[in-house]
Amino acid sequence: MTVGIVIVSHSAALAAGVVELAGQMAPDVVIIAAGGDGDGGLGTDFEAVSEAVERAQSGDGVVLLYDLGSAKMVADLAVEMLGDPESAAVVDAPLVEGAVAGAVAAQAGADLDGVLSAAASALADQTEVDSETAGVTLLLTNETGLHARPASQVVQAIAGLDAQVTVRFGDRSADGRSVLALMGLGAAAGDRITVGATGPDAREALTRLENLVRGEFR
Amino acid sequence: MGCDARAVAAAVRAAAAVVTAHRDELVRLDQAIGDGDHGENLKRGFGFVVQALDESTPDTPGAVLKLVATTLISKVGGAAGPLYGTAFLRAATAVGDATELTPELVAKALRAALEGVVARGKAEVGDKTMVDALAPAAEVGSLAAAATAAERGAESTIPLVARKGRASYLGERAIGHQDPGARSTALVLRAFAEAAS
Ligand SMILES: Nc1ncnc2c1ncn2[C@@H]1O[C@H](COP(=O)(O)OP(=O)(O)O)[C@@H](O)[C@H]1O
Ligand SMILES: [Mg+2]
């Protein structure tokens with residue numbers, strides 16, 4: 001099976017349309033629409049979102065995408081209230097591009113983190129202008145999260161590269177070259193951070209940080 | 001005055017009545033800077049809460065608050081559902097299994113509610129949201145003082161530009177309007193204060 005995807009939208013028609021579009025490129029991925037207020041009107045429906053997550057769960061994880069801010073709140077709540085909140089995650093991504101990129105990654109067999117990264121960097125990949133822009137979502141599996149030592153390892157890892165690196169956690173972001181700002185994010189073990197980079201060495205910066213995080217900062 | 005589960009349920013019913021009476025006002029506020037559903041969202045949500053309380057009143061204040069939370073989360077679409085729901089859920093956890101609410105527990109519950117809303121919506125004071133009403137309310141000692149602080153906080157949203165929620169898409173056009181969620185927060189806290197006095 002693959003990672004499943006849930007589209008949380010205020011509009012049933014919008015959610016269904018995104019599912020149709022993403023599904024075209026990912027025939028084996030379970031993609032479920034959770035749109036509308038449940039009464040035929042605009043809005044979000046917590047119970048419908050929770051059910052959609054259950055249906056999309058095959059054991060490999062579920063990624064939720066959302067349209068407007070309050071849909072994110074409902075999606076976050078639905079994940080928090082799962083028996084195992086680690087089995088699903090909400091991604092901050094453009095809804096349409098993120099759903100398509102996430103679905104394609106899931107179809108190709110990516111795991112939960114892989115689908116999250118694909119969705120999160122969907123827009124970045126399309127808007128490459130004169131410099132490289134890319135992003136990746138990473139799960140902090142080391143014991144201390146982005147505490148002092150790991151934060152300084154991040155700074156060291158990208159030292160000398162020609163890239164502007166931003167680390168996001170929740171809706172806060174920090175410059176990848178500031179130990180203090182990175183620590184200030186408060187990202188702990190089990191949290192997911194999103195690393196974005198622009199500039200000629202953006203890819204190299206991401207590769208180094210990905211290796212660092214996946215290697216648990218050893 | 002004992003503040004047991006029955007008293008908390010009565011306060012919640014009082015809040016439901018106030019929200020229902022102010023439905024149109026909240027709709028008008030939300031029409032000015034949002035989509036106009038806030039009054040209806042809350043009226044509907046609290047209507048289901050009263051229905052749930054009619055069916056069975058749980059036997060601790062915390063359990064009553066939890067019932068309010070889960071009902072609002074599942075029945076209210078829009079930002080108010082997860083935000084109010086999280087506030088009541090955190091308040092329920094804060095008061096634990098206590099059979100009576102003391103003033104200390106009420107203060108603790110208010111602080112927990114504020115933390116929950118901030119964790120959920122990531123708004124700060126000055127972003128023109130319900131946080132502008134709830135934050136000053138969580139700093140004071142009594143429910144009556146909290147209601148007054150929330151009313152002032154709600155009024156303080158009038159000259160602001162919104163940085164969270166739907167109203168944030170309006171930019172400067174949000175100036176001059178009171179935030180509907182801040183107003184409803186003040187109404188609910190006033191209803192609680194009056195029920196407790
Ligand atoms: N991120 C947020 N943090 C705190 N409060 C918020 C946030 N987003 C919206 N609100 C509050 O919700 C209110 C609007 O609620 P409602 O109209 O029921 O939902 P919607 O905006 O989804 O239509 C706003 O007036 C504001 O007080
Ligand atoms: Mg509204």
Side-chain angles (χ1 to χ4, degrees), chain A residues 7-15 33-54 64 66-83 85 90 92 95 168-174 184-188 190-192 194, chain B residues 27 30 33-45 47-48 66 68-90 92-93 115-124 127-131 162-170 179-181:
Chain A
I7 307 298
V8 185
S9 167
H10 283 69
S11 151
L14 179 55
D37 67 355
D39 268 339
L42 294 177
T44 45
D45 178 351
F46 173 80
E47 282 169 359
V49 174
S50 298
E51 272 167 35
V53 173
E54 241 166 68
L64 292 83
Y66 61 90
D67 58 0
L68 299 172
S70 59
K72 174 178 165 64
M73 293 193 255
V74 170
D76 282 338
L77 251 178
V79 171
E80 280 167 32
M81 293 199 165
L82 287 173
V90 180
D92 296 319
L95 180 59
R168 279 191 289 136
F169 173 56
D171 67 351
R172 278 182 287 182
S173 64
L185 291 173
D191 286 338
R192 284 193 171 78
T194 304
Chain B
V27 162
D30 198 30
I33 58 170
D35 56 355
D37 61 358
H38 189 59
E40 183 58 27
N41 284 346
L42 283 189
K43 183 186 153 193
R44 243 175 63 92
F48 282 114
K66 178 142 194 228
V68 176
T70 51
T71 307
L72 292 179
I73 288 169
S74 56
K75 299 295 183 193
V76 180
L83 289 166
Y84 268 91
T86 304
F88 278 101
L89 204 55
R90 295 286 183 100
T93 309
E115 278 163 24
V117 170
V118 169
R120 178 72 52 222
K122 311 281 185 313
E124 296 170 8
D127 285 353
K128 198 176 181 111
T129 70
M130 58 175 69
V131 169
R163 282 196 290 265
K164 286 281 184 248
R166 263 173 216 284
S168 62
Y169 298 112
L170 290 178
D179 176 65

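Protein chains get the first letters and strands the later ones, always in sequence-line order, with residue 1 at the start of each.
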Calculate, to the nearest 0.5 Å, the distance between atoms [atom1] and [atom2] belonging to [X] and [Y] respectively.
X: B:Arg120; Y: A:Leu77; atom1: CZ; atom2: CG; value: 3.5 Å
X: B:Leu89; Y: A:Glu80; atom1: CG; atom2: CD; value: 9.0 Å
X: B:Lys122; Y: A:Lys72; atom1: NZ; atom2: NZ; value: 6.0 Å

query = Which salt bridge (Lys or Arg N to Asp or Glu O under 4.0 Å) pairs, counting each pair once, include a residue from residues 35-50 of chain A, with sequence neighbours left out?
reply = A:Asp39-B:Arg44
task = Give the minimum heavy-atom separation between A:Met73 and B:Gly121, together with the two atoms involved.
result = SD-CA, 4.0 Å
key: Minimum-distance pair of heavy atoms, taken over all atoms of A:Ser70 and B:Gly78   = CB-C, 4.1 Å
task = Starting from the C-alpha separation in whole Å, work towards a yes-or-no answer on side-chain contact (heavy atoms from CB on, under 4.5 Å) for B:Asp35 and A:His10.
result = CA-CA 12 Å; B:Asp35 56 355; A:His10 283 69; 6.0 Å; no
note = If one checks every heavy atom of B:Ser168 against chain A at 4.5 Å, the contacting part turns out to be neither
With A:Ser50 via side chain to side chain contact (heavy atoms under 4.5 Å, CB included) - residues at least two apart = A:Phe46, A:Ala78
query = Any idea which of B:Ala79, B:Pro82, B:Gly77 has the most non-hydrogen atom pairs under 4.5 angstrom with chain A?
reply = B:Pro82
